[in-house]
Amino acid sequence: MPAFDVRKQEPKYEAPSPVRPPEDAPNVLVILLDDVGFGASSAFGGPCRMPAAEALADNGARFSRFHTTALCSPTRAALLSGRNHHSVGMGGVPETATSSPGYNALRPRSCATVAQTLSYNGYATGAFGKMHQTPPWEQTVAGPFDHWPTREGFDKFYGFVGAETNQFTPNLYDGTTPIETPGTEADGYHLSEDLVDQAIRWTESVRTLDPDKPWFCYLSFGACHTPFHLPRDWRTRYRGEFSAGWDAQREITLARQKELGVVPQDARLGPWTPGVPHWDELDDAQKVVAERLMEAYAAFAEHTDEQVGRMIAELDARGELDNTLVFYILGDNGASAEGGLEGTMNEMAGVNGVHITAADLVDRLDDVGGPLSYALYPAGWAVAMDTPYQWTKQVASHYGGTRNGMIVHWPEALTTPGIRNQWHHCIDVAPTILEAAGLPEPTTVDGVAQRPYEGVSMLYCFDDESARDRHTTQYFEMFGNRGIYHHGWTAVTKHRTPWTMAAIEAVDFDDDVWELYDTNTDWSQAVNLADRYPDKLEELKRLFVAEATRYQVFPLDDRLSERFDPAVAGRRTLMSGRTELTVRPGTDRLREDSVPNLKNTSFRITASIDSGPKSPHGVVAAQGGRFGGWALYCIDGRIIFCHNLCDVERYYVRTDLVAPGRHKIEFVFDYDGGGVGRGGSGSILVDGTCVGEGRIERTVPYVFSVDEVLSIGRDRGTPVSEEYRADESSVFDGTVEYVTFATEDGAGDVEQRLRATLATH
């Protein structure tokens, strides 16, 4: 019973003790790179110098048979949840989510993240960098914020939620609040450096304020995903080092891998990827462009590794490194072939089916690595960066898409450095963390019964190099590319080609050709045994169906670019059933799924502006940026509409001088129809009178940008038009009262239009 007078209270009340994990629970640092193939890093025999990775590996363990899902969001969701990617709704990226359970981008509450479990057991938790697990319809101030990092177990989040972002003008959030970029390329800002600064500051603050509290830091870089962006003094670091070409690089890398012991001495190069030209088949323009793009990638990788080195050095200086369990995961999938067969200065061109040749890029080579490019190397380099395996990112069937190097460093517990050849998958990271922390797998979280982890802990082999494998069966699937691993045998079928993102491939799933490999004796899937062991192949195909059924892989979905359109994908958007939206300044930074879709249809943009006594000047509204989008803006009293076709062509509709004061301005677009990406006629009206007309011959068919947004009263990020800068000077000099977007009613069946267009290509 409580006493009447606190002075007479017996026994005295005690302050509640904080929840703490077991006394010896380590800090946990998970470092994840993007689009780094198995054969890219020097730590696994590749040409990209990564001394921080090498140093951690020399004092830790190189995992030579670690696997991902073949795509970014699915790997990240699996990594953090300990469940397969379809189990948590991440069969693709959120921007292509559908209504199918395995593809809806909605992690169920029955699959809590490891961050939630650690947080509830006394860890401080922070995420820095790329997350890419938040559905597009949750990415506005309207919420909900259920699938944002701060609702999925992280106390602190600083980074971006999309697939990629500009390293100089990133679309950043602190928690759920959008923030301005802290600097510019001109004054030396780079996102990778910023992320490590933030992670260092956060871990140091935790240690200063609560010395007994362990932390979990998820440091997930946007590098080395396109765009290949580098500080100025890094852009020539690898000049001339790739002139021998990708065929020769595969041979060099395989030899180095054998020296390191990350592949056995009898390992062979997997078969060359069909459709990708050999180096000696390229012309001079293709070679010089391919070299420069690969130089940028290698420097990007080394620059990122240098930032990792800064993080590790800081932990070492603070005396925290020895009791920090470090996972350095060199890629969330295989190297990316999405740059096409010749490479690109703008990834969005490939996504939208806009063809750019190497000859078009030769005069722009000095832009590579800088803010005027959104570079990605050719598919041939992706194949080389996946040495010794077949295929690349997206191709979940073959190890080129799914096998990534991983380094584990934990001096207090992993005391026998060396190679670990045990077969593991990214779903094994979460159970490993919990076992290392001395915590049980949760049975309920927030009152919701939990689905058991689908991965196994790797801790058993940390100090036992010869331990028998515990992860013995694993399915793979991405865009119809699929496979099954079972006790060393793999049955696989490649269904979709990764550089044909904007094409609907009419291959029936039943017509896919399956291959069979015994990786107990054939490390790199080099010898197809399908004809020799047909019964074994059929057995594994049946096992794939069983596993795919168990983990909600069906129905298979091989669509890619067309799924960027919500009407095709069948996912929820904030615009569902609406053809009109009025937006005012302050409600901007909107992604494409959150506004009417102005692609492949007629539309009208109406804005009320007041320039006061001055001529109208500045951006009224803009969507996208330098690499694709549109903008309605004024320059010294003239109104201009610009449609930017993937930085390949810009079309303009202009007016003569408009008087100062208040006006209603409209841009009306009459779409030609007949498919996607067609042209149309544009008109600008001021106070109801047409004052400018023009022709737009081609339009962006699928997506303006995966990282830039719709802004009102200014252009954020990079500029859509070359006639203004996307900084404070783009702010409208006056008032933009509102902007209304209205699309044509009954625009027709979207998928039918897609197929009509692609049938003519």
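Quick caveat: nothing in here was measured; it's all calculated off a predicted structure.
Residues His225 and Ser336 form no side-chain contact, since every pair of their non-hydrogen atoms from C-beta on lies 4.5 Å or further apart. The shortest side-chain heavy-atom distance between His190 and His303 falls under the 4.5 Å cut-off. Residues Lys130 and Phe160 are in side-chain contact: their nearest non-hydrogen atoms beyond the backbone lie under 4.5 Å apart.
Evaluation of the side chain to side chain contact (heavy atoms under 4.5 Å, CB included) rule for Pro227 yields His229, Tyr374 as partners, not counting sequence neighbours. Shown here are the side chain to side chain donor-acceptor pair (under 3.5 Å) partners of Glu185, two or more places apart in sequence or in another chain: Arg232, Arg235.
Separation of atoms CZ (Arg250) and CG (Leu269) is listed at 4.5 Å; rounding is to 0.5 Å. In this structure, OH on Tyr173 lies 10.5 Å from CD1 on Ile179, to the nearest 0.5 angstrom. In this structure, Thr226 OG1 and Tyr377 OH are separated by 10.5 Å, a value rounded to the nearest 0.5 Å. Between atom CD1 of residue Ile407 and atom CG of residue Asn59 there is a gap of 11.0 Å, rounded to the nearest 0.5 Å.
In summary, the side chains of His132 and Ser73 do present a donor paired with an acceptor at a separation below 3.5 Å, with no hydrogens or angles considered. A donor atom on one side chain and an acceptor atom on the other are not found under 3.5 Å apart for Glu649 and His643. Counted by atom type alone, Asn333 and Asp35 present one or more donor-acceptor pairs between their side chains at under 3.5 Å. In this model, no donor atom of one side chain and acceptor atom of the other lie less than 3.5 Å apart for Gln133 and Arg76. Between the side chains of Thr344 and Asn346, no donor-acceptor pair of N or O atoms lies under 3.5 Å. Donor-acceptor pairing under 3.5 Å is lacking for the side chains of Thr177 and Asp174. Side-chain contact, Ser42 with Glu54: a donor N or O sits under 3.5 Å from an acceptor N or O. When only modelled atom types and interatomic distance are considered, Asn404 and Thr68 share a side-chain donor-acceptor pair under 3.5 Å. No side-chain N or O of Tyr189 forms a donor-acceptor pair with one of Gln167 less than 3.5 Å apart. Between Glu723 and Tyr652, the side chains place no donor N or O within less than 3.5 Å of an acceptor N or O (distance only, hydrogens not considered). Inspection of the Glu708 and Thr718 side chains reveals an N or O donor paired with an N or O acceptor under 3.5 Å. Between the side chains of Arg364 and Ser373, not a single donor N or O lies within less than 3.5 Å of an accepting N or O. For the residue pair Asp305 and Tyr328, a side-chain donor N or O sits within less than 3.5 Å of a side-chain acceptor on the partner. Of the N and O atoms on the side chains of Gln249 and Thr253, at least one donor lies less than 3.5 Å from an acceptor on the other residue. When only modelled atom types and interatomic distance are considered, Ser721 and Tyr633 share a side-chain donor-acceptor pair under 3.5 Å.
For the side-chain hydrogen bond (donor to acceptor under 3.5 Å, both in side chains) with Gln286, the lone residue among Glu291, Glu281, Glu342 that qualifies is Glu342. Checking Tyr158, Trp202, Tyr218 one by one against Phe128, the ring-ring contact (aromatic ring centres under 6.0 Å, His included) holds for a single residue, Trp202.
Ring pair Trp381/Tyr297: centre-to-centre distance not below 6.0 Å.
At distances below 3.5 Å, at least one donor-acceptor pair connects side-chain atoms of Asp386 with backbone N or O atoms of Ala335. Between the side chain of Asn352 and the main chain of Ala349, no donor-acceptor pair closer than 3.5 Å is present. The backbone N or O of Thr387 sits less than 3.5 Å from a side-chain atom of Gln257, completing a donor-acceptor pair. At least one donor-acceptor pair under 3.5 Å links the side chain of Ser561 to the backbone N or O of Val351.
Using cut-offs of 30° and 60° for the angle between ring planes, the His398 and Trp391 rings count as tilted.
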Worked check of salt bridge (Lys or Arg N to Asp or Glu O under 4.0 Å) between Glu314 and Arg310: CA-CA 6 Å; Glu314 176 67 23; Arg310 286 200 300 121; over 6 Å; no
Verdict with reasoning, Arg292 to Glu295, per salt bridge (Lys or Arg N to Asp or Glu O under 4.0 Å): CA-CA 5 Å; Arg292 187 63 59 86; Glu295 290 166 5; 3.5 Å; yes
